[in-house]
Amino acid sequence: AARMQWRDELSKVEVLDAGPSTMATMRRLEIFYTCLYRALLFPRRLDENTPDGLRHWSPYDGKVHDGPGVTDNGFWDTFRTVYPLLSLAYPKQLGEILAGWLNAYQAGGWLPKWASPGYRDSMVGTFADVVLSDAIIKNISGFDYMLAWEALEKDAYKSSSDPKDTSRGKFGLSHYIEKGYIPIDVKINEACSRTLDFAFADAATAAAARRLGRIEQAEELMKRSERGLKSMYDRKTGLMGHRKASGAFQEEPPERWGDCFTEGSAWHHSFPPFNLPALIDLHDGEESLRGKLKELFSTP
């Protein structure tokens with residue numbers, strides 16, 4: 001039964017013109033569908049069908065609730081990989097998963113950032129915001145849009161009541177709102193990535209707000225997002241930089257891994273895709289931006 005169910009799910013994605021009927025072609029198809037299978041393993045479902053309907057145990061409050069429950073997901077990775085795939089090929093399942101994340105929000109008070117199985121202090125940013133916003137824009141069904149907006153709005157404007165808690169909301173939000181960026185000298189790690197990730201979430205939430213008719217908030221969040229992006233750009237290097245509270249940039253080798261950036265260097269984090277017109281403007285035109293991208297690809 002499980003084998004047939006997986007066959008049904010995997011067959012929803014069909015490879016056209018895979019190539020000649022050779023062993024090499026079969027091997028490529030085997031690799032493709034194995035990767036698709038693995039992509040569909042997470043997030044895990046915590047729910048089960050009962051005589052009283054679909055129910056789940058929530059790791060966010062230790063209670064049993066109606067509806068779907070999900071866990072084991074790091075949005076920092078999956079918002080740009082798994083969720084776009086689900087929105088295209090598995091929209092029904094995506095709606096159920098998003099309903100599960102909103103159940104987590106209702107039980108715990110915040111959207112999780114790295115559910116394992118409950119809140120976990122890992123990675124930066126609030127990329128569940130991007131996942132929900134993308135689904136709203138794409139008209140994915142199966143979850144409560146107004147509840148989703150409530151969760152998005154909380155991530156955008158509020159911080160955890162515990163000043164040391166980095167597992168909920170945007171840690172460093174007050175600096176981001178005040179200055180437009182999180183300085184590297186205010187004892188908040190991975191400050192450069194946090195700023196850019198907050199700006200990404202703001203841009204996505206702004207798009208969702210516009211889709212839901214909340215024009216004033218859409219404009220406010222879009223301005224905040226653009227300010228964050230521009231605040232991090234160091235014209236001296238043409239990359240996102242290490243900016244201090246004074247406004248000055250601290251010189252660092254652009255290939256330096258980690259520290260201010262999460263699992264990468266300035267090269268990896270300097271071309272965020274959420275506002276291409278602003279990025280082009282920062283580089284004084286498309287040709288200059290293309291040149292910088294070529295430099296990225298050719299730098300050891």
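We're numbering straight along the sequence, starting at 1.
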Separation of R211 CZ from D134 CG (nearest 0.5 Å) = 12.5 Å
Test of ring centre spacing under 6.0 Å for F143 and Y145 | yes
Are R45 and D47 within salt-bridge range, i.e. N to O under 4.0 Å?
-> yes
According to the interplanar angle, ranging from 0 to 90°, do the rings of H268 and W257 count as parallel (below 30°), tilted (30 to 60°) or perpendicular (above 60°)?
-> perpendicular
Would you call D284 and R235 a salt bridge, using N to O less than 4.0 angstrom?
-> yes
Contacts satisfying ring-ring contact (aromatic ring centres under 6.0 Å, His included) that involve residues 102-125 (not counting sequence neighbours) are Y60-Y119
Are the charged groups of K170 and D129 less than 4.0 angstrom apart, N to O?
-> yes
May I ask you to check whether over 12 heavy atoms, not counting those of K12, lie within 6.0 Å of atom NZ?
-> yes
Is F274 close to V130 at the side-chain level, that is, under 4.5 Å between some pair of heavy atoms?
-> no
Considering all heavy atoms, the nearest P20-T25 contact = O-OG1, 2.6 Å
F261 and H269 aromatic ring geometry - parallel, tilted or perpendicular at 30°/60° bounds = parallel
Distance (rounded to the nearest 0.5 Å) between E226 CD and D202 CG | 12.0 Å
May I ask you to say whether R214 pairs ionically with E153, meaning some side-chain N is under 4.0 Å from a carboxylate O?
-> no
Heavy-atom pair with the smallest gap, counting every atom of R224 and A156 = NH2-O, 2.7 Å
Residues P112 and A128: closest non-hydrogen pair is O-CB, 3.9 Å
R243 versus S231: any side-chain heavy-atom pair under 4.5 Å?
-> yes
CD/Q250: more than 12 non-hydrogen atoms of other groups inside 6.0 Å = yes
Residues, nucleotides or ligands: over 12 heavy atoms within 6.0 Å of M23 CE | no
Sub-4.5 Å side-chain heavy-atom contact between L229 and M240 = yes
Would you name the heavy atoms of P84 and T78 that are closest together and state the gap between them?
-> CD-O, 4.0 Å
Quick check: are there more than 12 heavy atoms from other residues, nucleotides or ligands sitting under 6.0 Å from NZ of K92?
-> no
Got a list of side-chain donor-acceptor pairs under 3.5 Å for residues 33-44, not counting sequence neighbours?
from: Y33; atom 1: OH; to: V13; atom 2: O; distance (Å): 2.6
from: T34; atom 1: OG1; to: E30; atom 2: O; distance (Å): 2.7
from: R44; atom 1: NE; to: D72; atom 2: OD2; distance (Å): 2.7

What are the two closest heavy atoms between L102 and A148, and how far apart are they?
-> CD2-CA, 3.7 Å
Could you tell me whether the side chains of Y83 and N73 share a donor-acceptor contact shorter than 3.5 Å?
-> yes
